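Only one structure is covered here, and it is reproduced in the block below.
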There are 2 protein chains.
Amino acid sequence: MKIDPKNPADLSAQIAKAIRDAIMSGDLLVDERLPSEAELAEQFEVSRPTVREALKRLGAQSLIRTQRGATGGAFVNRLKFEDAYGQQITTSTLLLSMNDVSFATACEARYALERACAPLSAQRRTADHLATMRAEAHRQSQPGLTDEAFCASDVAFHRALVDAAGNPVLSYQLAGAVEAMQPLMNMITFSARSRERIVGLHSAIADAIELQDAAKADALLDDLARYTQELAQNVISDREAARAQS
Amino acid sequence: MKIDPKNPADLSAQIAKAIRDAIMSGDLLVDERLPSEAELAEQFEVSRPTVREALKRLGAQSLIRTQRGATGGAFVNRLKFEDAYGQQITTSTLLLSMNDVSFATACEARYALERACAPLSAQRRTADHLATMRAEAHRQSQPGLTDEAFCASDVAFHRALVDAAGNPVLSYQLAGAVEAMQPLMNMITFSARSRERIVGLHSAIADAIELQDAAKADALLDDLARYTQELAQNVISDREAARAQS
DNA sequence: AGACGTTTAATTGTCTGACAAATGAAAATT
DNA sequence: AATTTTCATTTGTCAGACAATTAAACGTCT
């Protein structure tokens, strides 16, 4: 973990890579303490600020945590699912917004992934998950709700559906897809009529999950996906019409 | 983008957050140049090393890129799917290895996600994707292959299957799940007999995708998932038996 | 005037040395 | 023995400096 070619640029990146590799290969174990910044500087034959830049890079990926004081230092961090959620959501959100990903593409991906969870969710759903889904469906039926609040509740509903699968890996993978969709969803204005239909589908999905009817849940998610696409298509058409008129 | 409470610790983290928020909110556009490190230091009323630590954090997330020279500086980076792949894979790999995620859980997630792609892949597969799948299946049938090479080819096969769906968001989400499985897959030693069966399933999957038979592909993936779980279970059982004996 | 080499200014990358703040352990005191 | 004080270690921050890189501005020659 100490090879640095004589390329005197990107030193901090090279050091970060060396330490990252050591962590990923198991050379450094969870909660193990790294040498102090001064020692690392000596080992790598660089200055302390350079070492610090490398450590900050690793900190940004939640690979290490630092603590001040006598027994402090940098420690290999046990990467938690909740830490990874945040990073995944940031990355996914930026990916969608910076690459001109169409609503259709993102929506297709989201519902494809959710439908992958549905059979497992139907099989393993607990009372907790069902209660959350029903509570969110009920909230969505309140009249005074803003579009943003409606979307947020929609995300919460689908999160509960995904979490019901009882597979943290799936929950993690889908967190990004579902949450990153929210900015795109916010462009849709939901009429009372469309809200009614969505809430109806949500309730039906909750019913199917409760009855452990995976095929029904799958079909309903397919309906919901189609309807969401339809709503988005209308928004896009309206905009183009308005632009043609002006 | 310049609020810093008088808390004189974690300054670089606060600055990184401020800039990150500015990027995510659209205040800073893609390819826009940030102020120079010296100007940022002045704006935030901190020293240049502190600013640099903040920039390194953002660089680690591929949110900015830096360039030296007269017209250089830090620029808001257009986050590419390929950049995000790498981060997702490191994060997913560490998540699995550091959280005692069982092979069964990871495997279940992986195949659930792949089965979500299958219908789309069947619908949109190109000659390229089919050729890759068949080439990898053929490679897997070579006798002299090491277990690692077999696994790597397995990953390539499934990557092609996922990419055939023609949805970059899906490809991105699944890259982590599929690649992060590889270290876990490597614990399995594949006998000639089990390889034969896997290759057979792979070929059959390629056939189903070529014929655009989504139901068949789904059923075959289910078979493959079950068989993989069975192989892993055997490895685990053998180990426990060996431990009990010693 | 145009092509080509040179200088120059701006910017990042790195280094040195220093001090402040936090923190736990050891030492001193009650 | 319990509590307080001191102290060493480590991270967090700062100031100033120099090297390396890069493109634009400038000058020179044809």
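Order of the sequence lines fixes the chain letters, A, B, ..., with proteins taken first and strands second; residue numbering starts at 1 for each chain. All figures in this text were calculated on a predicted structure; none of them were measured in a lab.
For the pair A/Thr71 and C/dG24, the criterion of a side-chain N or O lying under 4.0 Å from OP1 or OP2 is not met. Between D/dG12 and A/Thr66, a contact under 4.0 Å exists linking OP1 or OP2 to a side-chain N or O. Of the side-chain N and O atoms in A/Thr50, none sit less than 4.0 angstrom from OP1 or OP2 of C/dG13.
Counting distance only, with no hydrogens placed and no angle test, the side-chain atoms of A/Arg48 and the base atoms of D/dG12 include a donor-acceptor pair under 3.5 Å.
To the nearest 0.5 Å, atoms CG (B/Leu55) and CG (B/Leu63) are separated by 11.0 Å.
Classified by interplanar angle (parallel below 30°, tilted 30° to 60°, perpendicular above 60°), the ring pair A/Phe190/A/Phe150 is tilted.
In this structure, B/Thr91 and A/Gln61 have side chains that are not in contact, with every pair of non-hydrogen atoms separated by 4.5 Å or more. Residues A/Cys117 and A/Leu161 form no side-chain contact, since every pair of their non-hydrogen atoms from C-beta on lies 4.5 Å or further apart.
Residue A/Leu11 contributes atom CG, which lies 15 Å from atom C1' of D/dC18 at whole-angstrom precision. One interatomic measurement links the two molecules: CD of A/Glu53 to C1' of D/dC14, which rounds to 14 Å at whole-angstrom precision. Atom P of nucleotide D/dG12 and atom NZ of B/Lys56 are separated by 17 Å, given to the nearest angstrom. Rounded to an integer number of Å, the gap from B/Leu55 CG to C/dT11 P is 14 Å. Rounded to whole Å, atom C1' of C/dA10 lies 16 Å from atom CG of B/Leu34. Atom C1' of nucleotide C/dT12 and atom CG of B/Leu58 are separated by 16 Å, given to the nearest angstrom. Between A/Leu40 atom CG and D/dT9 atom C1' the separation is 15 Å, expressed in whole Å. If you measure from atom CZ of B/Arg33 to atom P of D/dT22, you get 15 Å, rounded to the nearest angstrom.
When the nearest nucleotides of DNA chain D are assigned to A/Gly72 and A/Arg52 by heavy-atom distance, the more 5′-ward of the two goes with A/Gly72. Toward the 5' end of DNA chain D, the nearer of the two residues B/Pro49 and A/Glu37, judged by each one's closest nucleotide, is A/Glu37.
Partners of B/Val30 under the side-chain contact (heavy atoms from CB on, under 4.5 Å) rule, at least two apart in sequence or in another chain, are A/Met98, B/Arg78.
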